[in-house]
Trainee: 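Before we start, here is the structure in question, set down as structure tokens.
The model shown is predicted, which means the values in this text are computed figures rather than measured ones.
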Amino acid sequence: MAVPAPADPEPADPAGPFPQRTPLVTSFPTAPALSRRTLLRGGLAGAGLLSLAACRSAADTATGQATGDAAGPRRGGVLTVGTGVDFTPALLFAQSANTLVQRLVFNTLTRYDDKLQPQPELATSWQVAADGASVTLKLREDVTFHSGRRFTADDVVFAVKNLQNPARSAQLRSTAAAVTDFRKNGDFELTLVLAHPVSNLFDLFEFMIVPDSETVEEAFAGTKLIGTGPYTFTERKPGSSITFARNEKYWNPGRPYLDGVEIRVVPQAESLLSSLKTGQTHLSYSIRGKDIATLRSDPQFRITPYDTGAGAYYIGANLTAEHVSDKRVRQAIAWAVDRERLVEQALGGYGTVSATPWPKSSPAYSADAAGHYRHDPERAKQLLKDAGLTGISLPFAHSNDPGNTAVAQILQYDLKQVGIETVLQPTDSPTMQKQLIAQSMPALWTLSHGFAQLHPATLAVSAYPFNEAKNSSRFSSPAYTDIVQRAWQRPDSDSPEAKALYGRITDVLLDEQFVIDLAIAGLTEVAVGKARGATLNKFGYLNLDDAYLTA
């Protein structure tokens, strides 16, 4: 029987902040191992929030003692976060630069720990049916929206339907669309009925912010943001800043610690670095790798790289464009790139060379596949010769921020060495995101993508560069669709059968090279010493529930 395709193609997986990583500079207590059955029945529901909070507090206290802050968290102060890209209201329900905003104002149903085990947030517990075709959620009963309206099961129904709306540009729309019915048992218990099992159900629950149904259109326009989260929206100055105040009625007792948060837009890399040095900002995830290197010996800064590989730099190819429609040309590009030099020079050493999107933490990871393409200019030249092409010129788009510009310039040099001239087209991030969604990219472009750090099927049904139903490369293959759908429509993600399907997806990616992966690179947090407790979820949503400023 034919496997149905998702109801709607997914939108762009834009450049910008990447999801949660495990900090290299801190360690957390190890939680007891859980069976999959315990996990899916919400085995940590009773202690999840407390245990996570305890882990973060322990880590923060340890860090504080090392730098003279033994008192631990304190209340008060306004944390200023520097970013290079402005908030885009139309992409509120997508993974984008908005990840600095989403978890401040809104909550999600669950959130993963570092081992991809879901933990309670608005849902206190859950039970997935044995056949994977439904999940029953029990919800918190003490949550109100910033407007004062009580949070109920109706708001979860609305949140799912909101992501099913094609106008929302939500990457996990296919997974949301798999929900076909809602069965309420009172205000705080809800069963979601699925058309079929999906391996990434909890990816959806962590991705899906729960908005206020009464003001969602105003949120989409950027004029009013009302959620259940730790901070209330106060003011937005487009191109400049967006500010938030503490939600005094937040459901998480004693949180947040801060009086408020200001996200300050500083598009120039030098100015963003200067803002940290002068104390105008406390924290940023947007500092270029080569600039971070200059801060390593400065004791006033805390540098925290994250190692789960939630982001990856890549070259995309539009298969309808001249020359790159030939698979040999795309493979030649893959052999032409000096990935080691890219990581060292453009990323400041903060990255791992890889020809596949998967981080080492993924069940889809293979060391042999990651090293499939190396720097081999002669092999690249031979492939171009086999294709009957020499001296070609191709347009090459890139985001106009300094970091991506540096990447594009290195790639331009490498391609020139094998006979491919490129004409760089610097483009602002919102425009590139629109072009990705509209499948209107030029022959080549370079950006970064996420989603590979989650359950592997999510990448190929939700990350727009890889989407089997509709992607910005205009690549289509019945075989690819079949493999992806089979991997996605499973109740598990780590069985031998599932891993075999991931291997077949990887084989297609390496052969077709419509997405040419270059390096796995996560975010690096750069903070002044007084800023503590910030975390990111798996989709890069900034969580400041436990953040504070030392004296």
Trainee: Report the C-alpha distance between T232 and N247 in whole Å, list the side-chain angles of each, state the deciding distance to 0.1 Å, and finish with yes or no for side-chain hydrogen bond (donor to acceptor under 3.5 Å, both in side chains).
Mentor: CA-CA 6 Å; T232 61; N247 175 11; over 6 Å; no
Trainee: Is there side-chain contact between L459 and P357, with heavy atoms separated by less than 4.5 Å?
Mentor: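 Yes - at least one pair of side-chain heavy atoms lies under 4.5 Å apart.
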Trainee: List the steps and the verdict of salt bridge (Lys or Arg N to Asp or Glu O under 4.0 Å) for R288 and E270.
Mentor: CA-CA 9 Å; R288 295 179 299 185; E270 294 78 8; 3.5 Å; yes
Trainee: State, with a plain yes or no, whether a side-chain heavy atom of W488 is found less than 4.5 Å away from one of H455.
Mentor: no
Trainee: Show, in sequence, the C-alpha distance, side-chain angles and deciding distance for R111 and E206, and conclude whether the salt bridge (Lys or Arg N to Asp or Glu O under 4.0 Å) test is met.
Mentor: CA-CA 5 Å; R111 57 182 171 183; E206 177 148 355; over 6 Å; no
Trainee: Any side-chain donor paired with an acceptor under 3.5 Å for T405 and Q409?
Mentor: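 Looking only at side-chain atoms, Q409 and T405 do not form any donor-acceptor pair under 3.5 Å.
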Trainee: Side chains of F244 and V101: does their closest heavy-atom pair fall under 4.5 Å?
Mentor: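 Yes, their side chains come closer than 4.5 Å.
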Trainee: Is R328 salt-bridged to D326, cutoff N-O under 4.0 Å?
Mentor: yes
Trainee: Heavy-atom count around Q417 CD within 6.0 Å, excluding the residue itself: above 12?
Mentor: yes
Trainee: I'd like to check V265 versus V85 (side-chain heavy atoms, cut-off strictly below 4.5 Å). Are they in contact?
Mentor: no
Trainee: For D291 and L295, what are the C-alpha separation, side-chain angles and deciding distance, and is it a side-chain contact (heavy atoms from CB on, under 4.5 Å)?
Mentor: CA-CA 7 Å; D291 290 334; L295 304 177; over 6 Å; no
Trainee: Using only heavy-atom distances, determine whether the side chains of Y480 and E468 contain a donor-acceptor pair under 3.5 Å.
Mentor: no
Trainee: Which is it for T228 and V210 under the side-chain contact (heavy atoms from CB on, under 4.5 Å) test, yes or no, and what are the steps along the way?
Mentor: CA-CA 8 Å; T228 62; V210 179; 5.6 Å; no
Trainee: Does the distance from a Lys or Arg side-chain N to an Asp or Glu carboxylate O, for E340 and R374, drop under 4.0 Å?
Mentor: no
Trainee: Where do R173 and L163 land on the side-chain contact (heavy atoms from CB on, under 4.5 Å) test, with the steps shown first?
Mentor: CA-CA 6 Å; R173 187 181 307 127; L163 290 196; 5.7 Å; no
Trainee: Is D298 salt-bridged to K277, cutoff N-O under 4.0 Å?
Mentor: no
Trainee: Can L436 and L447 be said to form a side-chain contact (heavy atoms from CB on, under 4.5 Å), step by step?
Mentor: CA-CA 10 Å; L436 283 165; L447 275 173; 3.5 Å; yes
Trainee: What residues form a salt bridge (charged side-chain N to carboxylate O under 4.0 Å, His left out) with R246, not counting sequence neighbours?
Mentor: E248, D259
Trainee: Please step through side-chain hydrogen bond (donor to acceptor under 3.5 Å, both in side chains) for the pair N162 and N165, ending with a clear verdict.
Mentor: CA-CA 5 Å; N162 182 60; N165 181 354; 5.2 Å; no
Trainee: Measuring from atom CG of L544 to atom CZ of R255, what distance do you get when rounded to the nearest 0.5 angstrom?
Mentor: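 Separation between the atoms: 12.5 Å.
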Trainee: Starting from the C-alpha separation in whole Å, work towards a yes-or-no answer on side-chain hydrogen bond (donor to acceptor under 3.5 Å, both in side chains) for T234 and T243.
Mentor: CA-CA 6 Å; T234 55; T243 56; 2.7 Å; yes
Trainee: Looking at D212 and K224, is there a salt bridge between them, counting it only when a charged N and a carboxylate O are closer than 4.0 Å?
Mentor: no
Trainee: Report yes if some heavy atom in the side chain of L389 is under 4.5 Å from a heavy atom in the side chain of V329; otherwise report no.
Mentor: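 Side-chain contact under 4.5 Å: yes.
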Trainee: Side chains of L172 and S462, heavy atoms from C-beta outward: is any pair under 4.5 Å?
Mentor: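 SC-SC contact between L172 and S462 confirmed.
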Trainee: What about the rings of Y541 and F106, do their centers lie closer together than 6.0 Å?
Mentor: no
Trainee: Between T458 and D203, does a side-chain hydrogen bond (donor to acceptor under 3.5 Å, both in side chains) hold up when you go through it step by step?
Mentor: CA-CA 8 Å; T458 295; D203 290 4; 2.6 Å; yes
Trainee: Parallel, tilted or perpendicular: which describes the rings of Y314 and W445, with under 30° parallel and over 60° perpendicular?
Mentor: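 Aromatic pair Y314/W445 classed perpendicular.
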Trainee: Side chains of T278 and Q280 only: does a donor on one sit below 3.5 Å from an acceptor on the other?
Mentor: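 Yes - a donor-acceptor pair under 3.5 Å links their side chains.
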Trainee: Flag the pair E217 and R168 as a salt bridge only when some basic side-chain nitrogen lies within less than 4.0 angstrom of an acidic carboxylate oxygen.
Mentor: yes
Trainee: Can the positive tip of R330 be found less than 6.0 Å from the middle of the six-membered ring of F514, inside 45° of the ring normal?
Mentor: no
Trainee: Is there a side-chain contact between V81 and S284, using heavy atoms and a 4.5 Å cut-off?
Mentor: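 No. Closest side-chain heavy atoms not under 4.5 Å.
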